[in-house]
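Input: a single structure, listed below in structure tokens.
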Amino acid sequence: MTNDRGRRLIDGAGARLEPHHPSFVSSHPTALGWLWMAAVVAILVACDAAGGPGWLRAVLTLTAAAPPLAATLVVLSQTPRSHLEYEPSILTHFFARFLALFSAFVFWLGSVVIGGAIAVQLTDESGTDVATAWGAAIEIFAMIVPPVTVLLYCVLIIRYAGYLVRLRGWPAVPTRHRIPEHLLAAAPRTRRIVIGLAHPGLLLAAGLLSTLVALALTIRAEVLLS
């Protein structure tokens, strides 16, 4: 999808939604985003206390994170990269690259160690039986992928929140920002709601909540399967 086509789709959706926004929604979108998340969390706690199924908790968690994440995707998809550019100091420039290189080294070393540990475990469990080795490998793969996916999702949320801080800052209704003026220009109430919901704090809270719930469900599933 080209950027122009995406812009047309967003503008068309904004034009259709524009007449239907209640005044209190367009006036306090960030506050309503926090209230929405608090209400979903209360339902989630009640579901957990009642012993509800795991899939219902996952759906509730996604429901809590959906408004700020969707608004963030709309804002970032229509923001050119040039709006995020700034002139860092020499210290910040090289420190960021040092952290990137150090993180890459740690992840590479960890992958080598984990790969060696998996190879030893497969040898101990299967010996020379190829079918048993493949079965154990698939089981280990199924145990590793979900938590890694959740952690990568958490990193993505943190990264997106960092972009929002640089684009719009922390105010609920920013007066100074770098968000393109063409974003939903013909639908000002929808634009205000989208920018209000694309709040870095709201996105972080919703993203970390979904990360914690997903990790808890993953750990619980692995315990039940073990």
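Note that the structure is a prediction, hence the values are computed from the model and not measured.
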From the list Thr30, Val165, Val173, Leu164, side chain to side chain contact (heavy atoms under 4.5 Å, CB included) with His199 holds only for Thr30
For residues [X] and [Y]: do they belong to one hydrophobic cluster (side chain heavy atoms under 4.5 Å, members Ile, Leu, Val, Met, Phe, Trp, Tyr)?
X      : Y      : result
Val41  : Val213 : yes
Val45  : Val40  : yes
Val106 : Val155 : no
Leu151 : Leu212 : no
Val25  : Trp34  : yes

Measure across [X] and [Y] and return the closest heavy-atom pair with its distance rounded to 0.1 Å.
X      : Y      : result
Gly207 : Tyr153 : O-CE2, 3.8 Å
Ala206 : Ala64  : CB-O, 4.0 Å
Gly14  : Thr190 : O-OG1, 3.4 Å
Leu183 : Ile179 : CD2-CG2, 3.7 Å
Leu56  : Cys47  : CD2-SG, 3.6 Å
Ala187 : Glu18  : CB-OE1, 3.1 Å

Would you say that [X] contacts [Y] through its side chain, given a criterion of any heavy-atom pair below 4.5 Å between the two side chains?
X      : Y      : result
Ile195 : Leu184 : no
Pro200 : Arg168 : yes
Pro67  : Leu32  : no

Expected output: side-chain [X] to main-chain [Y] donor-acceptor under 3.5 Å:
X      : Y      : answer
Thr72  : Ala198 : no
Arg192 : Ser26  : yes
Arg7   : Gln78  : no

Under the side chain to side chain contact (heavy atoms under 4.5 Å, CB included) rule, what do Val150 and Cys154 come out as? Steps first, then yes or no, please.
CA-CA 6 Å; Val150 172; Cys154 182; 5.7 Å; no
Spacing of CH2 belonging to Trp170 relative to CG belonging to Leu202, to within rounding of 0.5 Å
10.5 Å
Please report the C-alpha distance between Arg189 and His20 in whole Å, then the side-chain angles of each, then the deciding distance to 0.1 Å, and finally whether the side chain to side chain contact (heavy atoms under 4.5 Å, CB included) criterion is met.
CA-CA 10 Å; Arg189 300 174 71 189; His20 305 293; over 6 Å; no
Partners meeting side chain to side chain donor-acceptor pair (under 3.5 Å) with Arg159 (sequence neighbours left out):
Tyr163
Do other residues, nucleotides or ligands put more than 12 heavy atoms under 6.0 Å from the CH2 atom of Trp36?
no
Take a 6.0 Å sphere around NE2 of His177 and say whether it holds more than 12 heavy atoms from other residues, nucleotides or ligands.
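It does: His177 NE2 has more than 12 such atoms within range.
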What do the steps show when you test Ile157 against Leu208 for side chain to side chain contact (heavy atoms under 4.5 Å, CB included), and what is the final call?
CA-CA 8 Å; Ile157 290 295; Leu208 294 178; 5.8 Å; no
Show your working on side chain to side chain contact (heavy atoms under 4.5 Å, CB included) between Leu69 and Ser210 and close with a plain yes or no.
CA-CA 11 Å; Leu69 183 57; Ser210 57; over 6 Å; no
